[in-house]
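Position 1 is the first residue of the sequence, and the numbers go up from there.
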Amino acid sequence: MHRWPWITVLMAVALAVFPVGQDFIYLAFFSGEQLSRNIAQPIFFTALAVVVLLVVLEWWVRRIIHKRRLEN
């Protein structure tokens with residue numbers, strides 16, 4: 001059994017590839033308007049922190065499940 005958090009990583013990549021995700025990344029970093037960047041960057045970094053937390057949580061749960069299966 002693979003213990004790396006493939007579900008969360010796959011979902012994050014899908015969100016980044018979809019047009020809405022690409023538009024948001026553009027607004028956060030490449031927009032010509034400073035106001036758009038100032039609004040979008042904190043939202044982007046908050047979403048990135050949530051994704052990182054979900055990856056760690058999924059990895060931790062998979063690790064626990066793997067250890068329990070080895071005990072039985």
Side-chain angles (χ1 to χ4, degrees):
M1 176 181 176
H2 296 288
R3 287 185 286 165
W4 66 282
W6 64 272
I7 296 171
T8 309
V9 172
L10 186 64
M11 286 176 45
V13 169
L15 285 173
V17 172
F18 285 147
V20 174
Q22 289 179 348
D23 287 343
F24 204 80
I25 292 170
Y26 174 80
L27 284 175
F29 297 106
F30 304 112
S31 177
E33 296 183 13
Q34 184 66 35
L35 180 62
S36 293
R37 289 192 307 266
N38 286 345
I39 292 170
Q41 281 181 354
I43 297 169
F44 174 81
F45 287 123
T46 302
L48 185 63
V50 168
V51 168
V52 169
L53 287 173
L54 288 173
V55 166
V56 170
L57 179 65
E58 183 182 353
W59 170 79
W60 183 65
V61 168
R62 288 179 177 270
R63 187 173 147 237
I64 290 172
I65 291 170
H66 182 71
K67 283 185 178 183
R68 287 186 181 171
R69 285 186 180 171
L70 287 178
E71 289 174 359
N72 293 335

For the [atom1] atom of [X] and the [atom2] atom of [Y], what is their distance to the nearest 0.5 Å?
{"X": "His66", "Y": "Glu71", "atom1": "NE2", "atom2": "CD", "result": "11.0 Å"}
{"X": "Arg62", "Y": "Ile7", "atom1": "CZ", "atom2": "CD1", "result": "4.5 Å"}
{"X": "Phe24", "Y": "Ser36", "atom1": "CZ", "atom2": "OG", "result": "10.0 Å"}

Do Phe30 and Leu35 share a hydrophobic cluster (ILVMFWY, side-chain heavy atoms under 4.5 Å, transitive)?
yes

Say whether Tyr26 and Leu15 are linked into one hydrophobic cluster, either directly or through other cluster members, by side-chain heavy-atom distances under 4.5 angstrom.
no

Only pairs under 3.5 Å count here: list side-chain donor-acceptor contacts from residues 37-54, not counting sequence neighbours, and write none if there are none.
from: Arg37; atom 1: NH1; to: Ser31; atom 2: O; distance (Å): 2.3
from: Arg37; atom 1: NH2; to: Gln34; atom 2: OE1; distance (Å): 2.3
from: Asn38; atom 1: OD1; to: Gln34; atom 2: NE2; distance (Å): 2.9
from: Gln41; atom 1: NE2; to: Ala28; atom 2: O; distance (Å): 2.8
from: Thr46; atom 1: OG1; to: Pro42; atom 2: O; distance (Å): 2.7

